[in-house]
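A short write-up of the structure that comes next.
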Amino acid sequence: MQNKVLTIALAAGLGLTATAAHAQTLDAVKAKGYIQCGVTGGVPGFSAPDANNVWAGLEVDFCRAVAAAIFDDPDAVRYTPLTSQERFAALSAGEIDILSRTTTWTMSRDTDLGISFVGTMYYDGQGFMVRVEDGIESALDLSGAAVCIESGTTTELNAADYFAANGMDFTPVVFTDQDEVVKAFEDGRCDVYTTDASALAAERSKFGTPDDYVILPEIISKEPLGPVVRQGDDQWFKINRWAYYALVEAEELGVTQANVDEMLGSDNPAVRRLLGVEGEFGTPLGLTNDWAYRIVKHIGNYGESYDRHVGPNTEIGLERGLNALWTDGGLQYAMPIR
């Protein structure tokens with residue numbers, strides 16, 4: 001009986017400790033008045049600063065969405081550019097609150113690093129870019145090539161697997177920073193540049209003569225890219241996860257930045273729950289009930305963010321593909337708010 005009482009008391013104590021820990025990040029963010037967001041050094045369309053050091057991109061929009069949900073202010077974000085080698089250490093050390101930096105969701109990262117992936121902002125895959133003048137039409141023609149790669153990435157591992165699986169040799173030319181990789185490729189220090197296909201398109205758009213380069217048709221891996229938070233704070237994890245779902249759900253329901261105020265009067269129960277008109281879906285997150293309304297009002301829905309930063313009418317020119325809604329043959333699918 002004494003052991004049973006002791007066990008119950010211990011469990012209660014652990015529960016109280018866990019509850020206190022769960023509110024830690026949100027409380028800290030509110031206290032300082034902004035979110036610290038870890039981003040790339042600059043990948044157009046995903047996270048990059050302009051001439052005035054104003055950051056923009058699909059991944060930046062995620063951090064802005066979380067800030068909108070908490071503060072009703074998407075600009076309550078500060079940005080920390082991180083290399084691939086720095087990103088996880090910075091998150092674990094508490095230097096950033098969210099890592100939203102072209103980061104691939106893998107099992108080892110999810111289980112070994114004390115981090116949790118929130119969702120997939122962009123379904124991608126690794127590709128190869130070469131010079132048009134070299135006349136290469138397939139990745140299977142790359143045997144013996146010198147390949148520029150950023151270290152500390154899944155890109156390194158995938159390239160080694162692909163060449164080995166196809167009985168081809170290659171010479172990796174490895175750098176610690178993506179800008180160094182791109183410059184080495186432009187300077188002719190390697191024959192091929194490999195990374196996520198979206199990043200290849202983004203970097204190609206910055207070249208002086210983009211038409212001198214071609215991205216080969218082969219996609220050699222799955223690269224689900226998404227935001228990441230530290231493990232051990234369930235509330236912060238769920239705020240981030242449902243911010244992602246709210247962006248997608250808004251697109252599914254046809255709620256846009258332009259019509260969100262009008263949609264407050266919708267008779268659709270799903271729309272009313274999303275926008276906080278009915279139900280109590282903010283309180284469990286530690287937020288106001290209009291948290292998702294704030295996101296759409298300031299950011300728009302997922303499709304609007306996608307089209308604004310990387311879509312077909314941008315310089316990057318990426319079709320939705322796998323990133324279309326599930327109703328349009330893609331993989332983007334929001335869990336229901338109910």
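Computed over heavy atoms, backbone and side chain alike; hydrogens, waters and symmetry mates excluded.
Hydrophobic clustering, defined by side-chain heavy atoms of Ile, Leu, Val, Met, Phe, Trp and Tyr closer than 4.5 Å, leaves L157 isolated from every other such residue.
Side-chain contact annotation: Q178 with E203, donor-acceptor N/O pair under 3.5 Å present. Judged purely by distance below 3.5 Å, without hydrogens or angles, the side chains of N259 and T256 pair a donor atom with an acceptor atom. A donor atom on one side chain and an acceptor atom on the other are found under 3.5 Å apart for Q85 and S151. Counted by atom type alone, D75 and Y34 present zero donor-acceptor pairs between their side chains at under 3.5 Å. Between the side chains of Y245 and E252, not a single donor N or O lies within less than 3.5 Å of an accepting N or O.
From L99, atom CG reaches atom CG of N240 across 11.0 Å, with rounding to the nearest 0.5 Å. Between the CH2 atom in W105 and the OG1 atom in T154 there is a gap of 15.0 Å [rounded to 0.5 Å].
Taking 4.5 Å as the limit, every side-chain heavy atom of W242 sits out of range of all side-chain heavy atoms of L287. P49 places none of its side-chain heavy atoms less than 4.5 Å from the side chain of V54. Annotation: side chain of K297 is not in contact with side chain of R294 (no heavy-atom distance under 4.5 Å). Using a 4.5 Å heavy-atom cutoff, the side chains of V77 and W55 are not in contact.
Both L285 and L26 are assigned to one and the same hydrophobic cluster, defined by single-linkage of ILVMFWY side chains at heavy-atom distances under 4.5 Å. With hydrophobic clusters built from ILVMFWY side chains whose heavy atoms lie under 4.5 angstrom apart, Y244 shares a cluster with I35. Both I295 and L253 are part of a single hydrophobic cluster, where members link through side-chain heavy atoms under 4.5 Å apart. In this structure, V229 is a member of the same hydrophobic cluster as L247, with clusters built from ILVMFWY side-chain heavy atoms closer than 4.5 Å. Hydrophobic clustering keeps Y333 apart from L322 (ILVMFWY residues linked when any side-chain heavy atoms are closer than 4.5 Å, directly or through intermediates).
Listed by chain and residue number, K183 satisfy the salt bridge (charged side-chain N to carboxylate O under 4.0 Å, His left out) test with D187 (two or more places apart in sequence, or in another chain). The side chain to side chain contact (heavy atoms under 4.5 Å, CB included) test applied to E315 returns S205, not counting sequence neighbours.
The pair D61-R308 counts as a salt bridge, with a side-chain nitrogen and a carboxylate oxygen less than 4.0 angstrom apart. A salt bridge is absent between D212 and R204: the closest approach of a Lys/Arg side-chain nitrogen to an acidic carboxylate oxygen does not fall below 4.0 angstrom.
Pairs engaging residues 150-160 under the salt bridge (Lys or Arg N to Asp or Glu O under 4.0 Å) rule: R101-E150 [sequence neighbours left out].
Because its NZ or CZ atom is both nearer than 6.0 Å to the ring centre of Y306 and within 45° of the ring axis, R320 counts as a cation-pi partner of that residue.
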Mind listing the side-chain donor-acceptor pairs of residues 188-196 below 3.5 Å, one per line with the distance, residues two or more places apart or on another chain?
{"residue": "D191", "atom": "OD2", "partner": "A146", "partner atom": "N", "Å": "2.8"}
{"residue": "T194", "atom": "OG1", "partner": "Q126", "partner atom": "NE2", "Å": "2.9"}
{"residue": "T194", "atom": "OG1", "partner": "G127", "partner atom": "O", "Å": "2.7"}

Between side-chain atoms of residues 267-276 and protein atoms elsewhere (two or more places apart, or another chain), which donor-acceptor pairs fall under 3.5 Å?
{"residue": "N268", "atom": "OD1", "partner": "A270", "partner atom": "N", "Å": "2.9"}
{"residue": "R272", "atom": "NE", "partner": "E278", "partner atom": "OE1", "Å": "3.0"}
{"residue": "R272", "atom": "NH1", "partner": "S266", "partner atom": "O", "Å": "3.2"}
{"residue": "R273", "atom": "NE", "partner": "I337", "partner atom": "O", "Å": "2.7"}

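A donor-acceptor pair is defined here as one N or O able to donate and one able to accept, closer than 3.5 Å; no such pair exists between the side chain of H309 and the backbone of A56. D233 places a side-chain N or O within 3.5 Å of a backbone atom of T25 that can act as its donor or acceptor partner.
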(request) Would you check, one step at a time, whether the test side-chain contact (heavy atoms from CB on, under 4.5 Å) holds for Y79 with N53? (result) CA-CA 10 Å; Y79 301 96; N53 203 37; over 6 Å; no
